[in-house]
Structures are given as C-alpha cells and as structure tokens.
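Notes follow the structure.
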Protein chains: 2
Amino acid sequence: MDIKSTTTAADIAAHLRERILAGEFAPGARMHQVQLSEMLGISRTPIREALGQLANQGLLVYEPNRGYAVRTFSLAEIEAAFEVRARLEALACGLCARHGLEPAVLARLRACLALGDRILAKGQLEPEDLAPYRAMNVEFHETLLTRSGNAFLGDFVRQCHNVPLASDRVFVWEDHGVIARSHDDHHRILHAIEMRDAERAEALMREHVRFAGFVLMRMLSGTHAEGHRRSA
Amino acid sequence: MDIKSTTTAADIAAHLRERILAGEFAPGARMHQVQLSEMLGISRTPIREALGQLANQGLLVYEPNRGYAVRTFSLAEIEAAFEVRARLEALACGLCARHGLEPAVLARLRACLALGDRILAKGQLEPEDLAPYRAMNVEFHETLLTRSGNAFLGDFVRQCHNVPLASDRVFVWEDHGVIARSHDDHHRILHAIEMRDAERAEALMREHVRFAGFVLMRMLSGTHAEGHRRSA
DNA sequence: TCGACAATAAATGTATCCAAAATAAAAAAA
DNA sequence: TTTTTTTATTTTGGATACATTTATTGTCGA
C-alpha cells in the first residue's frame with residue numbers, strides 16, 4: 001500500500017484525496033498521522049502538510065490538538081454545493097459565450113457531444129460506457145471552466161465537486177433517461193455558446209447543474225419525489 | 001516583531017496574512033522560511049505549515065523546491081474576483097430573501113443602514129468615519145453571507161475579497177458620491193429582502209458588487225497616484 | 001455500581017538534524 | 001572579455017527527537 005518513491009507533499013495529498021473520494025476512509029474517520037506515515041512509509045512531516053492541504057480544500061476538518069478527520073457533508077451542504085456550482089458554472093458558460101471560444105476549443109467540445117451521442121445512441125448504457133461518458137462529461141465542464149478566463153471559477157467549482165463525492169459513494173449515474181436529458185442540455189448549451197447568446201447559455205447551464213443536483217439529492221435522500229421544473 | 005508566546009500554525013498564518021494584506025510583504029516577494037522563523041522567533045516547522053495554509057488560501061504561490069512567494073494579482077484577476085463575488089453574494093442575498101431572516105438579524109442590518117445614514121448625512125466623509133463605515137459595510141455583507149445558510153458562499157467570497165486587498169495598492173472609498181450610491185444599494189437590498197423578493201434582492205446585490213468592482217477597476221487602471229494605501 | 005480523580009498511553013505540536021535541490025559565486029577555458 | 005564549468009552557499013524537503021496536550025484506563029472512594 002505504499003506509493004511511488006518520489007513523494008512530495010502534493011503527491012501524498014492527491015493520493016489520500018483519491019482514497020478518501022473512493023470511500024476508503026469513511027466520513028468522520030480520524031486521520032492519524034503516525035498511522036498514515038507507517039501505512040505509506042513516509043515520515044509525519046509531509047503527511048501533515050498533505051493533511052493540511054486537504055483540510056484547506058475542504059475534504060478534511062481540523063481541530064487543534066485533535067488532528068484531522070474526514071469531513072462529513074450533510075444533505076443540506078451537498079445541496080448548497082450544487083447551488084453554488086450552478087451559479088459559477090453558469091457564469092463560466094456565459095463568459096465563454098460572451099467572448100467566444102477558439103475554433104479548436106469548439107471542435108473539442110463538439111467531439112465531446114459526438115461521443116456522448118454515440119454512447120447514448122445504443123439506447124442503453126453499457127457498463128463499459130460509463131467511464132468514457134463520465135470522462136467526456138468532466139472534459140466538457142472543465143473546458144468551459146478553464147476557457148472562461150476566470151481562474152477562480154475552476155478552483156471553486158472543483159471544491160464544490162468534491163462535496164458529493166466525499167459524502168457517500170452509493171450513487172451511479174446509470175439511468176439512461178437522466179443522462180440523455182443531461183446530454184441534451186450539453187447540446188443546447190454549446191449551441192447557445194456558438195450563437196454567442198450569453199444570457200441563454202448561462203440560464204441553460206444553471207438549470208443543467210441544478211438538475212444534476214436535484215437528481216443526486218433524490219438518490220441520496222430517497223424520498224423527495226417532487227418534480228424539478230426546468231425553464232426552456 | 002515577535003508574536004505572542006502561544007503560537008500555533010493557524011496563529012502564524014493569521015499573523016502573516018494580516019501583514020501581507022497590510023502590504024508589509026510586497027507582491028512577488030519570496031517568503032524565506034528561515035528568515036521568517038528568525039523574525040518571529042519560531043522554528044521552521046510551524047512556519048512551513050502556515051505558509052502552506054496561506055498558499056491554499058490563494059495568498060501565496062508555491063513552487064516545489066523554490067518555496068513560497070506573495071501572489072501577484074493582475075487587473076484581470078481582480079476583475080474576475082469581483083465577477084465571482086457578484087454572483088455569489090447575489091445568491092446569498094437571494095437565499096436570505098427566499099427563506100427570510102430572523103427579526104434580530106433584520107434589526108442588526110437596519111442598524112447598519114442607520115449608521116451609514118448618520119455618517120453620510122454629514123454631506124462629507126470625515127477621515128474618522130472611514131473605519132466605522134468600512135466595518136459597517138463588512139458586517140452588512142458578512143451577515144447576509146452567513147445567514148444565507150450556504151457555508152460555501154462565505155468561504156469563497158472571503159477568498160475573493162483578499163484579491164484586491166493583496167494587490168499592492170489598496171484604496172479607501174473616499175468619494176462621497178460613490179459611497180452614497182453604494183449605501184443606497186444597501187437600503188434597496190434590505191428592502192427587497194424584507195419584501196421577500198428574492199429575484200430583486202439578487203439582481204440588486206449583483207449590480208451592487210459589480211459597481212464596486214467597476215469603481216475599483218477605474219481607480220486601479222487610472223493614474224495610480226489617486227490611490228491611498230489603507231491606513232493602519 | 002457509579003462517579004471522580006489520578007496515572008498511563010497515545011496523538012499532536014514543535015524543534016532540530018540531515019539530504020537534496022537550487023541559486024550564487026568563483027575558477028577555468030574559449 | 002565572454003562563456004562555460006565547477007564549487008560553495010543558501011534554501012527547501014524530509015526524518016527524527018522531544019514537549020505538550022488529549023484520550024484512555026485503572027483505581028479509589030462513596
């Protein structure tokens with residue numbers, strides 16, 4: 001369970017981050033420094049630095065003289081994270097539409113849409129298609145964030161993105177209808193960007209993220225069945 | 001130049017943060033660990049932890065094997081920070097209007113407005129009124145952020161708030177007309193919240209912050225001789 | 001049996017030491 | 001003189017040792 005020999009604090013943080021998001025460290029679990037240092041074969045100093053980074057990224061909580069623990073996110077916090085994401089990704093989208101995107105970037109986004117189309121055209125989501133679709137989805141959103149020209153958006157959205165991942169790992173986006181609807185959003189969003197319609201692109205992305213949040217909340221809470229209204 | 005004897009890494013980070021925002025460490029300046037440890041009379045270990053925290057908060061930049069340096073913010077980044085702030089504070093404002101605020105909170109906000117009214121009623125901003133007005137302004141915005149019920153908003157906005165402060169020119173809002181207009185915004189914002197008009201509260205706060213950003217950008221991009229360092 | 005207090009164990013916080021990398025400086029070659 | 005190479009110094013990164021705080025547990029007393 002040791003990591004590669006060239007270990008810097010950032011590497012350790014990334015390593016632990018993966019394992020936390022994978023659910024290997026349960027929410028609320030204490031992150032003992034000596035235990036981790038023995039587990040990874042590294043001294044406590046870089047471990048501490050990595051834990052501090054993760055705490056500042058919001059994945060761990062820290063109490064003085066009591067150490068770090070995996071942060072637990074309430075349902076309300078997950079909802080709050082999606083609310084913020086919706087606004088920030090909408091802003092990124094609007095910025096992209098406003099100042100326009102380079103042809104190469106647009107081509108890459110269109111390629112994302114085409115891949116999603118191919119996967120969804122089967123009418124059913126094969127298990128082996130899940131990872132490619134997720135990667136495509138990440139690239140689509142990340143591209144808009146980075147190409148918005150506003151560096152804060154990406155940083156904050158990534159922090160928000162961790163929240164549901166760290167809370168519970170019992171959700172899979174396997175519902176074909178939900179994904180198809182979400183992917184249709186992508187089409188309309190990119191179209192609005194190409195048309196340089198910032199207002200529309202912004203509104204579409206906001207609802208797109210809010211819809212994802214709604215679906216996730218429904219999966220996590222299990223009972224909320226109230227419909228999610230979408231504006232055209 | 002030493003700090004209090006009970007020094008934890010968080011204390012050191014706060015201490016350095018103050019001094020960075022006060023302009024004591026110029027943007028781009030390297031933060032030498034041994035130098036800081038001698039300056040503060042503390043060993044390097046907690047210094048390193050504090051620097052890591054500040055870097056994660058976005059006040060410092062870190063390069064492996066080259067250490068930390070005070071981050072420099074371009075004009076575009078300052079503008080970007082205001083753009084994000086505008087959306088996030090608008091969201092906070094809308095949330096407050098949507099779910100309503102407790103009477104005690106509303107009373108506190110009204111007290112803020114009253115204080116601003118008293119200060120502005122003089123027709124001219126006295127130097128001794130600047131600090132109280134600024135404190136009032138901070139309390140007004142912070143209250144809405146914390147009472148929005150969305151913890152991410154406060155965290156992110158505070159990070160954005162550091163950006164213009166960390167630029168090497170910090171300005172005071174000395175123009176009576178600008179402050180009067182800004183304070184009038186406060187009135188209209190609170191009124192919208194009291195009326196539970198979330199849409200309007202959101203739009204007002206968005207424009208309010210954007211206006212502040214616009215004014216600041218004008219000051220920063222114009223002849224920098226007009227600016228005044230923040231007084232201690 | 002239950003609670004309070006004390007002693008032990010464990011974990012965190014800090015300081016110091018050593019190694020590796022980077023920067024600066026000095027010497028050698030063109 | 002300029003460039004390159006080598007050496008020395010500085011600075012950061014990691015490991016270990018010590019101090020302080022917290023948690024656990026065991027004992028005593030009511």
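Note on naming: letters A, B, ... go to the chains in the order of the sequence lines (proteins, then strands), and numbering restarts at 1 for each one.
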First locate atom CG of B:Leu144, then atom SG of B:Cys96, and finally report the distance between them rounded to the nearest 0.5 Å. 5.0 Å
Donor on one side chain, acceptor on other, B:His161 and B:His141, under 3.5 Å: no
Are any of A:Gln33's side-chain N or O atoms less than 4.0 Å away from OP1 or OP2 of C:dG13? yes
A:Glu38 has an atom CD; how far is it from atom P of D:dT16, in whole Å? 12 Å
Any side-chain donor near an acceptor of the partner, A:His183 and A:Asn137, under 3.5 Å: no
Once base and sugar-phosphate atoms are separated, protein heavy atoms under 4.0 Å mark nucleotides 17-23 of chain C, 5' to 3', with B, S and - as ----SSS
For B:Leu40 and C:dA15, what is the distance between atoms CG and C1' respectively, to the nearest whole Å? 15 Å
Length of the CD-P vector between A:Gln35 and C:dT12, whole Å: 9 Å
Using whole Å, report how far CD1 of A:Ile47 lies from P of D:dG14. 10 Å
Report the distance from atom CD of A:Glu63 to atom C1' of D:dA23, rounded to the nearest whole Å. 13 Å
Taking only Lys NZ, Arg NE, NH1 and NH2, and the carboxylate oxygens of Asp or Glu, determine whether B:Glu139 and B:Arg108 approach each other closer than 4.0 Å. yes
Rounding to a whole Å, what distance do you find between B:Tyr68:OH and D:dT11:C1'? 13 Å
Using 0.5 Å steps for rounding, measure from the CZ atom of B:Arg87 to the CG atom of A:Leu91. 4.5 Å
Mind checking A:Tyr62 for me? I need base, sugar-phosphate or nothing, with any heavy atom below 4.0 Å counting as a touch. sugar-phosphate
Is A:Glu79 paired with A:Arg210 through a side-chain N to carboxylate O contact shorter than 4.0 Å? no
Does B:Ser43 place a side-chain N or O at less than 4.0 Å from the phosphate oxygens OP1/OP2 of C:dA15? yes
Taking atom P of D:dT21 as reference, at what distance in whole Å does atom NE2 of A:His32 sit? 20 Å
Under 3.5 Å, side chain of B:Asn56 to main-chain N/O of A:Asn56, donor-acceptor pair present? no
Rounded distance (Å) that lies between atom P of C:dT12 and atom CG of A:Leu60: 12 Å
